[in-house]
Each structure stands twice: as C-alpha cells, then as structure tokens.
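The structure appears below as structure tokens.
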Amino acid sequence: MYLLASRTGNGEILVTALDAAGAPTAPAERLTQLDFPAFVAAREPAGPRWVWDDTSRWSPALLAAGIRVRRCHDLRLCHAILRGSELTRASELAGRAPGRWDRAAALEAAVPQGATLFDLASGDDEPADDDTMAEFLRQFQAVASCPEPGRLRLLLAAESVGALIAAEMHFAGLPWRTDIHDRLLTAELGPRVAHGTRPERLEQLAGRIRDELDDQVFNLDSQQELLKALQRSGLMATSTRAWELKKLEHPVIEPLLEYKKLARLLSANGWYWMDTWIVDGRFHPEYVPGAATTGRWGASGGGPLQLPRQVRGAVVADEGWKLVVADAAQLEPRILAALSADTAMAAAGRDTDLYAGIVASGVVETRDQAKVAMLGAMYGATTGESGRLLPRLARAYPRALGLTEAAARAGERGDIVTTRLGRSSPRPGESWQATQAQAYDPAATDGDERRARSQARDWGRFTRNFVVQGSAAEWALCWMAEVRRELWSLRGTEAPDRPAAFAATPHLVFFLHDEVIVHTPVALAGEVEQIITRAAATAGRLLFGDFPVDFLLTAATVDSYAEAK
DNA sequence: CGACCCTGCGCG
DNA sequence: AAAGCGCGCAGGGTCG
C-alpha cells in the first residue's frame, strides 16, 4: 500500500512497506542509489503510494532512468498544509515546535551550493531513518483524527501528484523553436547584437526620445534620470509607469512607450534569455507546487508563469505532433458559485460564458461590467466602476457575495479562512497584531486608528481572495491530476526515438494556474482534447459533488501556442 | 564586490 | 495608492 523511502546517513536508501493503517508489513529493505530506480520499476505495477520527504529530490533520478510513479505522498508539501489547516489544528503535528519539516525546500536541497554546507554539517538535516517514518505517522494521525478527513486526503493526494507533474514537466520541457524566437526578436528589435548593447530599433527610439526631450546624455534606463528629464521638459509625470505616461500629451510619449515595451521584451525574453533557458529545443523551468500561500504554484528559471504573449509563437509542436491548449473559462467565479452554493450564479454560467450569463440575467448591461464587478467582488474593490456595480451583483447573488464578505470580515479580525479542501490562510504576523492592539490603547491617536483600520482591510482583501484563489488552485490540481492519469492510459504507442517512455506519448508540458498544454502525437490529439474536457468535469465533482456547476474549457489543438487564444 | 530594496511589468 | 488579489524577474540604486 505505502512504500516509505528515506536516505540513510551514508547515502543508502531504506524502503519500508506499510499497510493501510501505517504499520510496517516487512523489514526495511536497504538499497544503493544506483539500484533504486530498478527497484521502483519493479514495485510500481502493484500500485503503491511512495512516501518520501521531497518529490523534487527523488524524481530526477527516476525520470532520468525512464521511470514514473503513479502516486506519492510528499511529506514536505503535506506537512505545510497540515501545519496550517484549521481542520487539523488539534493534532500533535500542529502543536509541535517548528523543525526540519518546516524549513524551506531550498535550504534542504541546497547542498551543492556550498553556502549552506556549514549548516548541514553542524545540523541534523540528514534525517535519521526513523524521522521520515515518524513524520508520516504524525501526518497519518492528523488526517485520521480530523473532522472531515476526506477533504484533506484529496488535497494531500492532489498536492503530491502535483509535485510529480511539476518534476515531469521540468524533465520533458516545453517545445521551443529558437529559430522562430530569433526571427520574432529580429522583426521587433532589429538584428541580434551582443548582450548589453542596444539593438538597432531600440537605438533609433532612444535617439527620438533624446531629441524630443532635448537631452542627449541622460540614461534612458534609469527611472530616476528619465523622470527628471521628463519633468525638465515640462511634463507633469510623477512616475515612469506606462499607464501613467499614457495620460500625458507630448510627442515623446509615443516613442517612449514603444521603447519601454521593446526594452522589456529584450531584457525579459530576448536572445540572452533564449541562450540561457532553451536547451535542445526545450524550455525546462522549475515548477514549485505550493509556492503561494493560497496553494498556487510558483516557478523559476526563465519566468515560465510570465511568458508574454509576444513570444508564444516560439512554442511549437514537434513534427508530427500537436499542442492541445486548454484553459478553464471564468474559473474563479465558477469556484465562488460552487463554494457558496449560489445556484443563481452557477446557472448564469451553465453551458455559456459566465459573464455573458450574468448579462443575460439582466444584472448588468455589458460583459465588461459583469467581469469588472465579479473581479471586484473577489478582490475587494470599493471604488470606481467595480465598486459602483457591486450592489447589483449582491442583490442577484447574495450567497456568493455573502461568502466573500464573510471571508473579508474574518481576515479583518485576524481570523483564518479555509479553502474547499482544507488549506487555511496564514495568521497575520506580529506587527499586524501589534498595530491592531495599539489602536485599542486608550492613548491611541487618530493616526493609530486609521493605520489599524487600513491594515485590517488589507488583510481582509487577502483572506477574501484566499478562499477563492486557493479553492481554484485545488480544482486545477485535481483537473491536472486527472488529465495525467488518463494520458497515462494512452501508453502503448510510443515513438521509438523518444528519450524517455513518457515523453514518447501525450504528456503535460505546461501549466499556468488555470491553463494546461499537452504535447501529443497528431493521431491522439482528438482523444487528448476529450480527456482534458472530461477531467474538468471530474475535478468539479471531486470538489463539489453533485452541486450543479459547469467548468467550461476553451480547448484548441494547434501547432503553435500563439494560435490558441 | 555581493546583498538587499525599489520600481516597473509580465502572467493568472 | 491604479480602483483590487497572487506571483517572478530584470535593472538601477544604495549600503556595507
């Protein structure tokens, strides 16, 4: 049932089989690191759940050996969830002093960097053999004794399979055509030049800007110098932000905005970026499950979650392959409707664009209004058009808006809120508490009270959004897990020239909060699209049972990411 | 010189 | 302080 793997102090691996109650069923087996992949491959057909400290440390060697595991339990990720969850607050695990399971993954994985070698040598970071086991049992207990164990079991499984997917996507990489990327850059910026020098097009724009501002020497790339130069020319700019510059009337504005746009392209996704991050036609970023407190993923290594539309044309399927690009339409409002059991809001999104449905119900006049009002409800807008439209939304959807309001009030009090599957928000820090306490002091000034109120509202907007964003992240994990599981069953038609077994069949290559990309042989693209669509419905049922809410997708089978809207 | 903060902007 | 959440990254600037 469970196979618990841990490393011993001398670099060997211990594997202990546990039954469904967490009790060992046989003596531990001792393996070398070299033997481990074959051992995993031999055990995998029985469908075990592998238990280990950190998937990002165990996966690379397995994937390099062409081996994938179906299920795991990532102790570090699950620990973070269980430590903070409202549902397990009475557990032994939640009450313990912070220890090695609370430390950042970076610290634990940083052995080769050198900087932390001293810490490692002087500490006890290499776990004793029984530490991994003890932690697993504490987690097991915490879940078993909580009020609704089913929610957390699903969350921990989803979080852990997410870690497997993150490692697999890193390994497989996103198909990337450097020749197309180069053409695209050349068309925008001019021919490639050495790193650190301005391409032709930027140089021309810089010249125009200098002429318009009548200043040939200032450094365009310094915000401070640029701002001063603008002000010397009589422009009433208070910052160099694009949206603020747009409001100004002056011949320098047009070339300046163009310069900023292209300079950004060059520095964020230019040739230097391409040389650094694209290897053998693949982009291999690190994905970091649970990086945001809401449960959303983070990522690093080339900024994959900020991939601008400008360069998506370089993401192109291999010859004979396709990209299936799918994103969940209006995911967060749909999540909110289901969370609050707001049947009217759910009905507005049935079989249609949810914002269009709100318009059709006569709540507001335009799709744009519906969207800005919904975002305002979920983010806590108070002013502007969004603020003005909120009362209409509240009348039509009292349950949904009631939920976001309640979440905001909880945060303003310093209370925690919890997602659908049981991830809870962090408590505000000490300085937050201190500021609140100060406002209650008899000697408090108006300033103290204002500061405390404003800070409380800030935290309220965070908790308001946490419930929705966090539950949406859970839906997305379940969706992706289901996609992975179904794609797995399409094996048996491997392309022989592929490096590893799973990259020879349809596989996930990208994930962006509510959007996935699957790279697939052409012949299977239709089936992949169906799998992704079915998986969305399955994820909805996993989170919300029979509650009648649709999770619509926009899915497209394309050669290039740029073709998908 | 590195470590850190700030600004601005890309994504959802 | 962009009305309103969550991130990561690059580049300039400052400090020790």
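So that the names make sense, note that chain A is the first sequence line, chain B the second, and so on, each numbered from 1.
For A/R296 and B/dG12, a side-chain-to-base donor-acceptor distance below 3.5 Å is present, hydrogens and geometry of angles not being considered. Within 3.5 Å, a donor on the side chain of A/R264 pairs with an acceptor on the base of B/dC9, or the reverse. Below the 3.5 angstrom threshold, one finds no donor paired with an acceptor across the side chain of A/Q223 and the base of B/dG8.
Residue order along DNA chain C, read from the 5' end via each residue's closest nucleotide, puts A/T383 first among A/S222 and A/T383. Looking at which nucleotide of DNA chain C each of A/E244 and A/M378 is closest to, the 5′-most match is held by A/E244.
Here the nucleotide nearest the side chain of A/A292, chosen from B/dG10, C/dC7, B/dG12, is C/dC7. Distance from the side chain of A/L512 is smallest for B/dG12 among the nucleotides C/dG13, B/dG12, C/dC5. With distances taken from any side-chain atom of A/R241 to the nucleotides B/dG12, B/dG8, B/dC11, the minimum falls on B/dG8. Nearest to the side chain of A/W243, among C/dA2, C/dG13, B/dC11, sits C/dA2. For A/T382, the side-chain atoms get nearest to C/dG4 when compared with the rest of C/dG4, C/dG6, C/dG8. Among C/dG13, C/dC9, B/dG10, the nucleotide with an atom closest to any side-chain atom of A/P308 is B/dG10.
B/dT7 and C/dA2: their C1' atoms are spaced 15 Å apart (whole Å). Separating the P atom of B/dC6 from that of C/dA1 is a span of 10 Å, rounded to the nearest Å.
Here A/W176 and A/H181 bring their ring centres to under 6.0 angstrom of each other. Between A/F466 and A/W459, the ring center distance fails the sub-6.0 Å criterion.
Residue A/G460 is out of contact with every strand shown, counting any heavy-atom pair closer than 4.0 Å. Using a 4.0 Å heavy-atom criterion, one finds that A/R309 contacts the sugar-phosphate atoms exclusively. Residue-level contact check: A/R312 touches the backbone only, with heavy atoms under 4.0 Å from sugar-phosphate atoms and none from bases. A/V372 comes within 4.0 angstrom of a base, heavy atoms only. Within 4.0 Å (heavy atoms only), A/G380 reaches sugar-phosphate atoms of the nucleic acid but no base atom. Using a 4.0 Å heavy-atom distance criterion, A/E332 is classed as making no nucleic acid contact. Heavy atoms of A/A291 sit nowhere under 4.0 angstrom from any nucleic acid atom.
Considering every non-hydrogen atom in both A/C478 and A/L421, the closest pair reads SG-CD1, 4.5 Å. When all heavy atoms of A/V315 and A/L307 are compared, the closest pair comes out as CG2-CD2, 4.4 Å.
One can place OH of A/Y259 at 15 Å from C1' of B/dC9, the figure rounded to the nearest angstrom. Nucleotide C/dG4 holds its C1' atom 14 Å from the CD atom of A/E385, rounded to whole Å. Regarding A/F218, its CZ atom lies at a distance of 14 Å from the P atom of C/dG12, rounded to whole Å. When rounded to the nearest whole Å, the span between CG of A/D221 and P of B/dC9 equals 13 Å.
In terms of phosphate contacts, A/S386 brings no side-chain nitrogen or oxygen within less than 4.0 Å of OP1 or OP2 of C/dG4. Taking side-chain N and O atoms only, A/K260 has no distance below 4.0 Å to OP1 or OP2 of B/dG8.
Across all strands shown, B/dT7 forms a Watson-Crick or G-U wobble pair with C/dA10, both key distances being under 3.5 Å.
Between A/R312 and A/E563 there is no salt bridge, since no side-chain nitrogen of the basic residue lies less than 4.0 Å from a carboxylate oxygen of the acidic one. Here A/R464 pairs with A/E405 in a salt bridge; the nearest charged N to carboxylate O distance falls below 4.0 Å.
A donor-acceptor contact shorter than 3.5 Å is absent between the side chain of A/R413 and the backbone of A/G460.
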